[in-house]
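Beneath this line is the structure, given in structure tokens, with notes to follow.
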Protein chains: 2
Amino acid sequence: MTKTDLTAPSSAPVAAQPPPEDADERILKAAGKLFREKGFAATTVREIASAANMLPGSLHYRYASKDDVLLALMNRAVKRAMSAVRTAIGDVKDPVEKVRLALRAHLELLCNGDDSLYVLLFDWRSLPAGAREGVERERGRYESFWDGMLYEAHGSGRARPVLDIELVRHFGFGAINWVATWYRPGGERTPGQIADTFFAYLAYGLIHEPSRPKDLDTHFAAVMAASLKGQG
Amino acid sequence: MTKTDLTAPSSAPVAAQPPPEDADERILKAAGKLFREKGFAATTVREIASAANMLPGSLHYRYASKDDVLLALMNRAVKRAMSAVRTAIGDVKDPVEKVRLALRAHLELLCNGDDSLYVLLFDWRSLPAGAREGVERERGRYESFWDGMLYEAHGSGRARPVLDIELVRHFGFGAINWVATWYRPGGERTPGQIADTFFAYLAYGLIHEPSRPKDLDTHFAAVMAASLKGQG
DNA sequence: ATCGGTCTTGGTCATGCGGCCAAACCTGCC
DNA sequence: GGCAGGTTTGGCCGCATGACCAAGACCGAT
């Protein structure tokens with residue numbers, strides 16, 4: 001497979017003509033794809049190297065261990081997610097609209113972007129215990145960033161008065177992140193459309209207005225009271 | 001570790017006094033726990049055997065391969081989920097209430113029950129290609145069962161007229177299943193409370209009534225139209 | 001008391017893994 | 001045009017893995 005590549009650029013003799021710093025990128029991209037498809041533990045260093053078009057030794061030169069590759073990939077995922085969301089909301093002021101745009105950006109990155117975000121979310125267990133703390137901190141910052149947006153939206157007065165922001169974040173993240181388990185590119189819905197639909201579900205609910213209890217604020221307060229501390 | 005077990009029952013010489021059919025159960029239980037904690041590929045047959053209090057050879061007697069253990073575990077997960085939900089709804093007639101109870105049952109099994117459901121949901125990639133079809137069929141039946149409940153609830157007239165049932169299921173499953181990634185037993189919310197809160201979010205939405213657009217049915221129809229076929 | 005079949009034991013085997021390295025290589029700088 | 005470093009090469013090593021099995025222990029039936 002490595003030697004029979006007839007589509008290689010003309011008479012390339014042996015090695016080292018692709019751009020130098022691109023090698024790291026190739027490794028992470030290949031690793032992301034493989035980790036996503038088969039999981040971290042089921043992927044071998046040789047496979048990553050081969051997919052990145054290099055020999056195992058070369059990979060070892062950049063990353064001392066397989067764990068290091070995963071670590072770098074996850075850190076990159078947080079960085080990209082954060083920056084994608086920041087870019088998406090731009091200078092929009094409406095705090096509810098910001099949440100919608102952020103949701104779109106997150107889902108689009110997860111579905112169309114590279115695989116690092118998927119690996120961050122779904123291969124969490126593979127991270128060696130020692131490295132977990134660092135990634136956890138970065139991931140925590142991303143989640144706090146979301147909490148900030150949600151607090152803002154909540155503070156705007158347009159959300160229900162009684163809400164548990166952390167639970168809301170978990171709820172939304174779950175719905176959105178789970179898309180990665182069933183979404184297939186080329187389906188009849190784009191990630192942006194899925195995100196908008198989910199946002200509408202989240203914002204307005206699935207029960208038809210005529211069929212709702214009269215005082216939903218009271219209803220929510222009751223449910224939330226049962227949900228906080230104490231088993232009722 | 002195997003030989004220094006001083007707490008063994010008195011003078012037990014070598015083998016074979018635990019109940020006979022319990023061995024399978026011990027294997028699946030141990031495997032579920034380990035697969036959940038470390039993932040399928042990162043778990044060794046020896047670890048499973050040791051956790052099930054037997055030697056690797058004994059495990060091999062019951063299951064020809066590690067894949068077989070995973071397969072049995074996953075099939076059991078679908079069976080248990082289906083039966084847990086069926087039991088939970090009992091003979092309740094209200095189709096919306098049925099969904100709430102089903103949600104509770106699913107989440108309680110995922111959080112408090114054995115680990116097989118978690119493995120089914122999160123270690124999907126580890127299933128060998130050959131065995132995938134069978135599990136997929138069973139899992140599909142569970143999902144169809146949910147779709148049936150959702151259709152019923154939708155047909156009752158209490159849900160919004162324009163909804164994509166499959167998308168709704170994905171949405172709810174995502175929110176609920178994701179709980180398994182952050183829930184820790186002994187926290188301040190029980191699975192049942194989380195499920196009820198999530199159901200309230202889902203049913204009634206997070207935006208406060210006074211701040212909603214006037215005609216939400218039209219709003220939803222527009223979002224859904226954009227979400228089905230065509231990129232708009 | 002003995003027997004037959006079910007189940008467990010404790011170890012072996014080939015395979016493929018992650019980690020590693022010394023030598024060759026290429027490229028830009030003096 | 002030669003030199004110094006960063007980079008790649010291709011293969012090696014010790015080890016843990018999944019799969020497997022022959023021998024024996026146990027138990028209920030006779």
Side-chain angles (χ1 to χ4, degrees), chain A residues 1-5 8-27 30-31 34-35 38-72 126-128 130-131, chain B residues 1-5 8-28 30-31 34-35 38-73 126-128 130-131:
Chain A
M1 178 185 285
T2 41
K3 280 301 177 60
T4 54
D5 187 2
S10 64
S11 64
V14 262
Q17 68 260 21
E21 67 136 23
D22 222 46
D24 272 53
E25 179 62 25
R26 263 162 45 225
I27 293 174
L34 288 165
F35 289 168
K38 330 194 333 173
F40 174 78
T43 302
T44 73
V45 172
R46 288 162 173 77
E47 283 171 339
I48 302 173
S50 166
N53 227 281
M54 64 181 67
L55 294 177
S58 307
L59 194 152
H60 180 69
Y61 175 74
R62 314 265 176 172
Y63 297 94
S65 72
K66 195 167 78 156
D67 288 347
D68 280 358
V69 177
L70 180 64
L71 188 59
S126 304
L127 202 64
Chain B
M1 180 183 285
T2 41
K3 282 299 179 57
T4 54
D5 187 0
S10 64
S11 64
V14 261
Q17 66 260 21
E21 67 138 24
D22 221 46
D24 272 52
E25 179 62 25
R26 262 159 49 222
I27 292 174
L28 291 183
L34 288 166
F35 290 168
K38 330 193 333 173
F40 175 78
T43 302
T44 72
V45 173
R46 287 161 172 76
E47 282 171 339
I48 302 173
S50 165
N53 227 282
M54 63 181 66
L55 293 177
S58 306
L59 194 152
H60 181 70
Y61 175 76
R62 315 266 175 170
Y63 296 95
S65 70
K66 195 167 78 157
D67 288 347
D68 279 358
V69 177
L70 180 64
L71 188 59
L73 197 65
S126 304
L127 203 63

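We name chains A, B, ... by the order of the sequence lines, and we start the count at 1 in each one. From a predicted model like this one, the values you see are computed outputs, not experimental measurements.
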key: A:Y61 vs D:dT8: side-chain N/O to OP1/OP2 distance below 4.0 Å   = no
Return the [atom1] to [atom2] distance between [X] and [Y], rounded to the nearest 0.5 Å.
{"X": "A:Y63", "Y": "A:L70", "atom1": "OH", "atom2": "CG", "answer": "11.5 Å"}
{"X": "B:D68", "Y": "B:L73", "atom1": "CG", "atom2": "CG", "answer": "12.0 Å"}
{"X": "B:D67", "Y": "B:F40", "atom1": "CG", "atom2": "CZ", "answer": "4.5 Å"}
{"X": "B:L55", "Y": "B:Y61", "atom1": "CG", "atom2": "OH", "answer": "15.5 Å"}

Filtered N/O pairs between nucleotides 19-24 of chain C and protein, under 3.5 Å:
from   : atom 1 : to    : atom 2 : distance (Å)
C:dG19 : OP2    : A:K66 : N      : 2.9

Once you round it to whole Å, what is the distance between [atom2] of [N] and [atom1] of [X]?
{"X": "A:K38", "N": "C:dG16", "atom1": "NZ", "atom2": "C1'", "value": "12 Å"}
{"X": "B:L70", "N": "D:dA19", "atom1": "CG", "atom2": "P", "value": "12 Å"}
{"X": "A:D24", "N": "D:dG6", "atom1": "CG", "atom2": "P", "value": "15 Å"}
{"X": "B:R62", "N": "C:dT9", "atom1": "CZ", "atom2": "C1'", "value": "14 Å"}
{"X": "A:M54", "N": "D:dT9", "atom1": "CE", "atom2": "P", "value": "8 Å"}
{"X": "B:L55", "N": "D:dA23", "atom1": "CG", "atom2": "P", "value": "18 Å"}
{"X": "B:L34", "N": "D:dG18", "atom1": "CG", "atom2": "C1'", "value": "16 Å"}

query = What pair of heavy atoms forms the shortest contact from B:L34 to B:T43, and how long is it?
reply =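 Distance-wise, the nearest heavy atoms are O-OG1, 3.5 Å.
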Salt bridge (Lys or Arg N to Asp or Glu O under 4.0 Å): pairs with one or both residues in residues 38-52 of chain B, sequence neighbours excluded =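 Every pair satisfying salt bridge (Lys or Arg N to Asp or Glu O under 4.0 Å) with a residue in residues 38-52 of chain B: B:K38-B:E47.
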ask   = Just how large is the angle between the end axes of the helix from C:dA1-D:dT30 to C:dC30-D:dG1, five pairs per end, to 10 degrees?
value = 10°
query = What residues, two or more places apart in sequence or in another chain, satisfy side chain to side chain donor-acceptor pair (under 3.5 Å) together with B:S58?
reply = none
task = Could you list the residues that satisfy side chain to side chain contact (heavy atoms under 4.5 Å, CB included) with A:A52, not counting sequence neighbours?
result = A:R26, A:I27, A:A30, A:M54
message = Need to verify one output field. Residue with the more 5' nearest nucleotide on DNA chain C, B:L59 or A:A41?
response =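 Mapping each residue to its closest nucleotide by heavy atoms, the 5'-most match is B:L59.
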